[in-house]
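Any value given below was found using the heavy atoms of this structure, including those in side chains, with hydrogens, waters and symmetry copies removed. Every chain is numbered from 1, with letters handed out A, B, ... down the list of sequences. Remember, predicted model here, so these are calculated numbers, not experimental data.
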Amino acid sequence: MAAITFAEAGEHATAKEMEGCRENKRNRCNRTTGIKVLLLGAISIILYAAVFTHQGLITDFCTRGQWYAAFPIIIVLVISLIHGPFCNYSLDLLGVKEKIKK
Amino acid sequence: MFRPFVWFIMAVIVTLSFIPQHVCAGGGGDPFVGEWNLLTDSSHTFEIEKDRITGHYTYIDGEEKRNAVKEDRYLLRVDTDSGTMALSLNLLSGTITVTKKGDISEFRRHSHFIDLTFVNLIFLFLVGLIGGLVSGFIGIGTSFIYTPCMMSIGVDGLVAVASNVCHQFPRSLVGAYKRYKYGQVDVKLGAILAVSAVFGVLVGIRLQLYINEIWGDAGSNLYVSLAFVVVLLIFGTIVMLDARTIIRKGGAERTARLALALQKINLPPMIHFKTAGVRISFWFTVPIGFATGFLTSTIAAGGFIGIPGMIFMVGTSSIVASATGMVTDFGMGLVGSIKWGLLGLIDIRLTLIILAGSLFGVQVGAMATTYVKDYMIKLVMGSIMLIVAVSRIITIPTYLHELGWLSLSAHTIYLLKSAGFVAVALALLVGTTLIIRGMMKGMKGKKEMKDLTRK
């Protein structure tokens, strides 16, 4: 039963306890998301910094053609696998969430 | 029953198998080898230092060093790997452009690539963010805006196209995954469209080459602009009229009459698309994919035909169509990235900056679809299509001038081209505003509902 049902039935203590539990759960969830954002953000920054501090070398490898063509593809895939979830959790933390889920 | 993942893997394998053999051949199969038109872009002297090239090359006209005048054409035969010198090679138009004199090997590696300033960096990030937002919402790749934006800060045209394409597939992957979680993606339909789109791309490139051979670069530009105008005006009007009807009459989206008629035709193999909730012949889905690929190789935005095709021919809802379009976009982006990567024209720095912004944008755009009504996607898509069509109409006289069919002053040409670019920017701005407004409205409604429940 939902907290609102208890509140309507006059059992305010139970309703408050349930609401409190939900609040705790939300806080825990926000903390976990925050940690994920920090972790993924740090990795993202490290990866971007690595590319831009070695841009000469990396650009050179990415423009050699032939089998070196795999380099840019692997780099964007790896970065999007880190940066994509980082964006997702950041938006989540900012309160930008989808309306419905499957 | 095929699981979506199996369909996806199959689509990728089939798609990859259609990359031209000479591109995959590695060391012995340099895609530059062959005869190309050599076109200078300004009046200056150029020379190619023979000693720096390990193989040999010959000009067909027998000259190795001369003063070049604007748009002077030469035939250059390139016979070796290193002889390719990585002069910028436009596969679509079959031209090699020499832009400066100097060390060819250095020119190959770096002279195409701009020095990134802080302003450029912020600009590209914002362009990626807005482009990603629109793309995540309507499911159409926004290369038609990225390329001119990148060129406006001095990026070589081919590098701009290559770097864009390389960011397209991870962005579409993230967007498609996000919308798959909302139950909006029909992977089976996306896979069929992606594979047939590859055929469309190959035929589209052939046609581009043919047009370029006959009318040159100006002819190609005119063809691209006309294709833009015709396709966008026709489909943009259909989409807008449909959105207007839904808004006026209210209620949910209805399946298009053409789609209902096609669904009744029993032409084996009939395929059931579970997420789309449609059963239709395979043969009615292939032309949509083909047209998408064909248009992608022409105007870099095949989704303008693919999404309306799914809505009006297959009979999917606009939400499912725009989400499934991202799967097609992913397939074509991956193939395109391999092609441009083999030619060594991807500037990974530009790709990564745009990706940083677009991964944010694409997720917000995908989320926005859960807040708005179905017709909003049609409204946004229709508005963008019609404004982009206007931008192309504005620039058509400049190509007619280049072909010698019309005489315009340099100032007029500059004004027309600027106006065309501003119109494209306006299209994005309108799209972004509509999306953000729809999302804010939806979020406000959700909050009010929550508050009401609490009370």
Side-chain angles (χ1 to χ4, degrees), chain A residues 2-5 7-8 15 19 22-23 37 40-41 44-45 47-92 94-102, chain B residues 25-27 29-32 81 84 86 108-110 112-113 116 162-163 166-167 169-171 173-174 177-178 180-184 334 337-349 351-353 355-356 359-364 366-371 439 442-443 445-446 453-454:
Chain A
I4 195 161
T5 320
E8 276 169 2
E19 199 56 37
R22 196 179 293 162
E23 195 65 33
V37 168
L40 290 167
S44 254
I45 290 170
L47 287 175
Y48 268 92
V51 171
F52 282 91
T53 49
H54 299 82
Q55 51 179 297
L57 183 74
I58 290 172
T59 306
D60 188 28
F61 267 100
C62 292
T63 52
R64 285 187 182 184
Q66 296 169 9
W67 292 108
Y68 290 93
F71 272 96
I73 291 165
I74 291 169
I75 290 171
V76 290
L77 259 182
V78 169
I79 289 192
S80 60
L81 286 177
I82 302 293
H83 190 58
F86 163 69
C87 298
N88 181 32
Y89 290 124
S90 302
L91 292 169
D92 216 9
L94 291 169
V96 186
K97 289 179 184 173
E98 62 274 2
K99 191 178 176 186
I100 40 155
K101 276 188 178 176
K102 197 185 169 185
Chain B
D30 197 315
F32 287 88
D81 294 356
T84 62
R108 177 169 96 102
R109 301 268 165 83
H110 301 296
H112 286 80
F113 298 162
L116 276 173
S163 309
C166 191
H167 111 282
F169 82 91
R171 183 204 60 204
L173 181 69
V174 170
Y177 174 70
K178 190 97 184 159
Y180 178 74
K181 281 205 303 185
Y182 306 153
Q184 298 172 348
L334 184 60
S337 301
I338 294 170
K339 189 190 91 178
W340 290 113
L342 287 165
L343 295 173
L345 288 169
I346 296 171
D347 187 341
I348 192 73
R349 303 165 309 155
T351 303
L352 291 179
I353 296 165
L355 190 68
L359 284 183
F360 263 110
V362 80
Q363 302 202 45
V364 178
M367 281 178 197
T369 60
T370 64
Y371 283 98
M439 195 174 173
M443 284 176 94
K446 188 185 165 190
T453 316
R454 272 189 188 165

Atom pair CD1 (Ile348(B)) and CD1 (Ile79(A)), whose distance is rounded to the nearest 0.5 Å: 7.0 Å

Rounded distance [0.5 Å steps], CG in Asp60(A) versus CZ in Phe71(A): 10.5 Å

Pick one of side chain, backbone, both or neither for Ile346(B), based on which atoms fall under 4.5 Å of a heavy atom in chain A. both

Contact part of Val51(A) toward chain B, heavy-atom cut-off under 4.5 Å: side chain, backbone, both or neither? side chain

Honestly, the part of Tyr48(A) sitting under 4.5 Å from a heavy atom of chain B is side chain

Could you look at Ile73(A) and say if it's the side chain, the backbone, both or neither that has a heavy atom under 4.5 Å from chain B? both

Which label fits Phe360(B) and Phe86(A): parallel for a plane angle under 30°, tilted from 30 to 60°, or perpendicular past 60°? perpendicular

For side-chain contact (heavy atoms from CB on, under 4.5 Å), just list the numbers for Thr370(B) and Gln184(B), CA-CA rounded to whole Å, side-chain angles, deciding distance to a tenth of an Å, and then say yes or no. CA-CA 10 Å; Thr370(B) 64; Gln184(B) 298 172 348; 4.2 Å; yes

So which part of Ser337(B) gets closer than 4.5 Å to some heavy atom of chain A, the side chain, the backbone, both or neither? both

Whatever's closer than 4.5 Å to a heavy atom in chain A on Ala356(B) counts as both

Heavy-atom closest pair (Phe52(A) atom, Leu116(B) atom, distance to 0.1 Å) is CE2-CD1, 3.8 Å

Could you look at Ser44(A) and say if it's the side chain, the backbone, both or neither that has a heavy atom under 4.5 Å from chain B? neither

Side chain, backbone, both or neither of Tyr177(B) within contact of chain A (heavy atoms, under 4.5 Å): neither

Value rounded to 0.5 Å, distance of CD1 in Ile75(A) from CZ in Arg349(B): 12.5 Å

Under 4.5 Å between any side-chain heavy atoms of Pro170(B) and Leu355(B), yes or no? yes

Does any backbone or side-chain atom of Val364(B) lie under 4.5 Å from a heavy atom of chain A? Answer side chain, backbone, both or neither. both

